[in-house]
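Below: one structure, written as structure tokens.
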Amino acid sequence: MRIIAGKYRGRKLKSPPSLETRPTSDRLRETLFNILAPQIKGARFLDLCAGSGAVGIEALSRGAAHATFVDQSRRMCGLIAANLDEFSIDEEESEVVCSEVAAFLRRLIQKEPGRLDIIFFDPPYEADYEVVLELLGDKEGALLAEGAIVVVEHHKKRELREEFGSLHRYRSLKQGDSCLSFYQRIAPSSV
């Protein structure tokens, strides 16, 4: 795995040593960031089920202001920290949190509402996506800045709902066995 574009372009990432995780392919990551390009500069980015941290580091490479990486595996959090160190990414630009995703989001809602611009969520394909998406869309998208985008990577055969509270799917893109579903926060007055 490597960083595709931006200030870290071409640099290699340390990868998970086993097949327990399913990293987002370079090709799918490139497609994702081609779509997100207009929103990435200065964005506050959240990488959920971050694995190696490749997606969040790609966001930083392309100009995101800050990336938070969340994974419940201590080993994966250690790998993310090692990748951040390898790229000399400043602690003010990044944060690594070892936590289950829903528990992290519940704490964040209390602590820092309305601060996220882009969220990338790539859980194991057999995971319960709906719990997290309902949290993100709950209470008029309390975690999300207006116009925020949530991107979910899932198996192409798995159908996700069109709406989760204030989140509305506006695009779906299939590539290989994977699908990216793009949701945007819609302000309550425009729903």
Side-chain angles (χ1 to χ4, degrees), residues 1 3 13-24 28-29 32 36 40 43-61 64-87 89-145 148-155 158 160-161 164-167 178 180-183 185:
M1 284 192 312
I3 298 299
L13 291 153
K14 294 178 182 183
S15 302
S18 71
L19 297 175
E20 288 175 28
T21 59
R22 175 194 36 78
T24 301
L28 188 60
R29 209 165 1 104
L32 168 69
L36 293 178
I40 204 74
R44 293 156 301 179
F45 195 93
L46 177 59
D47 190 352
L48 296 173
C49 301
S52 67
V55 174
I57 293 172
E58 186 79 42
L60 290 169
S61 182
H66 188 274
T68 301
F69 302 85
V70 180
D71 202 289
Q72 68 180 9
S73 164
R74 289 201 181 283
R75 196 166 73 184
M76 289 299 104
C77 288
L79 182 62
I80 295 165
N83 278 326
L84 292 169
D85 286 346
E86 182 73 25
F87 286 52
I89 294 173
D90 196 318
E91 286 181 14
E92 292 167 5
E93 291 179 85
S94 65
E95 177 183 15
V96 180
V97 179
C98 191
S99 174
E100 189 273 326
V101 169
F104 168 78
L105 292 174
R106 285 185 192 102
R107 286 190 307 270
L108 195 62
I109 287 170
Q110 300 303 317
K111 193 170 81 172
E112 298 182 61
R115 74 176 198 106
L116 299 168
D117 300 305
I118 302 172
I119 297 175
F120 182 74
F121 178 45
D122 180 17
Y125 281 166
E126 68 278 357
D128 182 1
Y129 289 67
E130 285 74 19
V131 169
V132 169
L133 289 169
E134 285 169 3
L135 270 171
L136 292 172
D138 195 23
K139 297 179 184 163
E140 289 75 49
L143 285 171
L144 308 172
I149 296 170
V150 175
V151 183
V152 184
E153 183 176 341
H154 55 96
H155 194 275
R158 182 175 199 147
L160 296 177
R161 293 193 328 244
F164 291 92
S166 65
L167 292 177
S178 297
L180 295 176
S181 286
F182 293 79
Y183 291 86
R185 178 183 174 228

Student check: side-chain heavy atoms of His155 and Glu126 closer than 4.5 Å = no

Verdict with supporting geometry, Tyr183 and Leu160, side-chain contact (heavy atoms from CB on, under 4.5 Å) = CA-CA 11 Å; Tyr183 291 86; Leu160 296 177; 3.4 Å; yes

Does a side-chain heavy-atom distance below 4.5 Å link Leu108 with Leu116?
-> yes

Any side-chain heavy-atom pair of Val132 and Phe164 under 4.5 Å = no

Given Ile149, Leu144, Ile119, the one that forms side chain to side chain contact (heavy atoms under 4.5 Å, CB included) with Arg185 = Leu144

In short, Pro123 meets Cys49 closest at the heavy-atom pair CA-SG, 3.7 Å

Residue pair Val101 / Val131, side-chain heavy-atom distance below 4.5 Å | no

From Glu100 atom CD to Asp71 atom CG, the distance as rounded to the nearest 0.5 Å = 11.0 Å

To the nearest 0.5 Å, how far apart are CG in Leu32 and OG in Ser178?
-> 11.5 Å

To the nearest 0.5 Å, tell me how far Leu48 CG sits from Leu136 CG.
-> 7.0 Å

Tell me, with the steps shown, if Arg158 and Glu130 meet salt bridge (Lys or Arg N to Asp or Glu O under 4.0 Å).
-> CA-CA 12 Å; Arg158 182 175 199 147; Glu130 285 74 19; 3.7 Å; yes

Distance, nearest 0.5 Å, that separates OG1 of Thr68 from CZ of Arg115 | 4.5 Å

Drop me the distance from His66's NE2 to Ser94's OG, to the nearest 0.5 angstrom.
-> 6.0 Å

Can you name the closest pair of heavy atoms from Ala67 and Gly56 and give their distance?
-> CB-O, 4.0 Å

Distance, nearest 0.5 Å, that separates CD of Glu95 from CG of Asp47 = 12.5 Å

Side-chain heavy-atom pair Phe87, Ile3 within 4.5 angstrom cut-off | yes

Asn83 side chain to Ser52 main-chain N or O, any donor-acceptor pair under 3.5 Å?
-> yes

Would you call Phe121 and Val70 a side-chain contact if the rule is heavy atoms closer than 4.5 Å?
-> no

Given Asp85, Leu13, Val96, the one that forms side chain to side chain contact (heavy atoms under 4.5 Å, CB included) with Ile80 | Val96

Could you please spell out the steps behind the side-chain contact (heavy atoms from CB on, under 4.5 Å) verdict for Val55 and Phe45?
-> CA-CA 10 Å; Val55 174; Phe45 195 93; 3.7 Å; yes

Leu36 versus Glu58: any side-chain heavy-atom pair under 4.5 Å?
-> no

Does any non-hydrogen side-chain atom of Ile57 lie less than 4.5 Å from one of Phe69?
-> yes

